[in-house]
Amino acid sequence: MKKIGFVGLGNMGARMVTNLLNANYGVIGYDINEEFVKQLLPKGLKKASDLNDISKDIDIIITMLPNGEIVEQVLDTIIDSLKPGTLITDCSTIDVDKAKILHQKCEDRKLLCLDAPVSGGVGGAENGTLTFMVGGTEDAYEMMLPLFEIMGKKSLLCGSCGTGQATKACNNMLLATTMIGVGEAFNLGKNLGLDPQKLFEILSTSTGSCWAINNYCPIKGVGPESPADNNFEPGFSASLMFKDLSIALKAIQSTNTSAPFGTKAQENFGNMVNQKKGDLDFSAITKFNE
Ligand code: NAD
């Protein structure tokens with residue numbers, strides 16, 4: 001069985017590690033917050049005293065960290081002590097260019113690398129039902145596949161390095177713009193005197209239907225249970241959505257893509273964060289725009 005190192009044991013990482021431990025993998029873990037490490041020790045996690053401790057005699061290192069700068073710092077710290085052929089799988093959401101830089105650093109040291117951001121949130125991490133969007137080589141993907149199958153319900157090799165992050169940027173830009181659109185449709189309906197439940201029944205089964213309506217309806221008491229029924233407690237926070245949209249915006253600019261809705265969505269979520277509402281679920285953007 002492959003020996004695994006895991007860096008970043010926060011909301012997502014702790015749950016992903018738990019699934020690996022439950023599948024009897026030996027995992028050594030590190031987080032700058034010792035409390036998060038301690039909570040996983042009873043589940044069988046081995047504690048790394050520092051980052052270098054994690055890189056000793058390891059086959060696969062998974063990172064689940066807040067941003068690309070931190071992932072790069074972690075990689076720079078351990079890269080010289082990893083044996084050739086070690087696989088680095090970064091599951092954090094980071095920008096496409098940074099992901100390519102990390103791949104290059106790994107290639108230069110004869111290490112394997114995958115960018116493998118996820119969709120599915122904390123619930124998906126808990127239940128082992130994440131979707132992994134993967135960029136890298138076939139060899140690296142094959143090595144990681146058994147672990148993707150434990151932590152997720154779907155993984156797809158999207159293409160070469162950076163394509164996992166690129167796919168994630170497209171997905172979350174679409175999610176943000178559809179969520180804003182859903183809010184506008186319900187606001188218009190309210191101002192036209194429509195019953196929101198009846199509007200939901202039609203929208204969720206008509207051409208306007210989408211994940212943001214059908215699975216995550218942002219109107220309290222309407223549709224399946226969602227953060228709207230819980231004072232917009234996340235879920236997936238508006239500040240994380242802003243981070244993802246900022247990654248998308250960088251990609252929009254660097255590729256000269258025309259994306260006025262995605263660009264506007266980034267601005268809207270930026271306003272929400274500036275007004276100290278970033279800790280609310282991202283679907284609260286629909287109230288914010290009212
Ligand atoms: P989180 O803040 O809960 O966890 C990040 C962890 O990294 C924290 O425990 C923090 O202490 C640790 N950390 C920070 N710097 C470190 C360092 N230098 N060395 C070691 N550990 C360090 O975040 P999260 O919600 O678990 O998200 C992790 C990543 O997954 C992010 O990139 C996020 O965008 C992405 N993501 C999150 C969700 C979600 O719903 N939360 C969904 C999809 C993707």
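The first residue in the sequence is number 1, and the count goes up from there. As the structure lists them, so they are numbered: ligands from 1, and atoms in each ligand from 1.
Looking at residues two or more places apart in sequence or on another chain, you find no salt bridge (charged side-chain N to carboxylate O under 4.0 Å, His left out) involving Asp229. The ring pair (Phe, Tyr, Trp, His ring centres under 6.0 Å) test applied to Phe282 returns Tyr216, Phe236, not counting sequence neighbours.
A salt bridge links Asp76 to Lys105: at least one charged side-chain nitrogen sits closer than 4.0 Å to a carboxylate oxygen. In this structure, Glu201 does not pair ionically with Lys198, as no charged nitrogen and carboxylate oxygen lie closer than 4.0 Å.
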For residues 93-100, dump all side-chain donor-acceptor pairs below 3.5 Å to protein atoms at least two apart in sequence or in another chain.
unit_1, atom_1, unit_2, atom_2, d
Asp95, OD1, Asp97, N, 3.2
Asp95, OD1, Lys98, N, 3.0
Asp95, OD1, Lys250, NZ, 3.3
Lys98, NZ, Glu72, OE1, 2.6

Check ligand 1 for N or O atoms under 3.5 Å from a protein N or O and list each pair with its distance.
unit_1, atom_1, unit_2, atom_2, d
ligand 1, 3 (O), Asn11, N, 2.9
ligand 1, 3 (O), Asn11, ND2, 3.2
ligand 1, 9 (O), Gly10, N, 3.4
ligand 1, 9 (O), Asp31, OD1, 3.4
ligand 1, 9 (O), Asp31, OD2, 2.6
ligand 1, 11 (O), Asp31, OD1, 2.6
ligand 1, 21 (N), Ile32, N, 3.4
ligand 1, 26 (O), Asn11, N, 3.4
ligand 1, 26 (O), Met12, N, 2.9
ligand 1, 32 (O), Leu65, O, 2.8
ligand 1, 32 (O), Thr93, N, 3.0
ligand 1, 32 (O), Lys243, NZ, 2.9
ligand 1, 34 (O), Lys243, NZ, 2.9

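No side-chain donor-acceptor contact under 3.5 Å links Lys83 to the backbone of Ser55.
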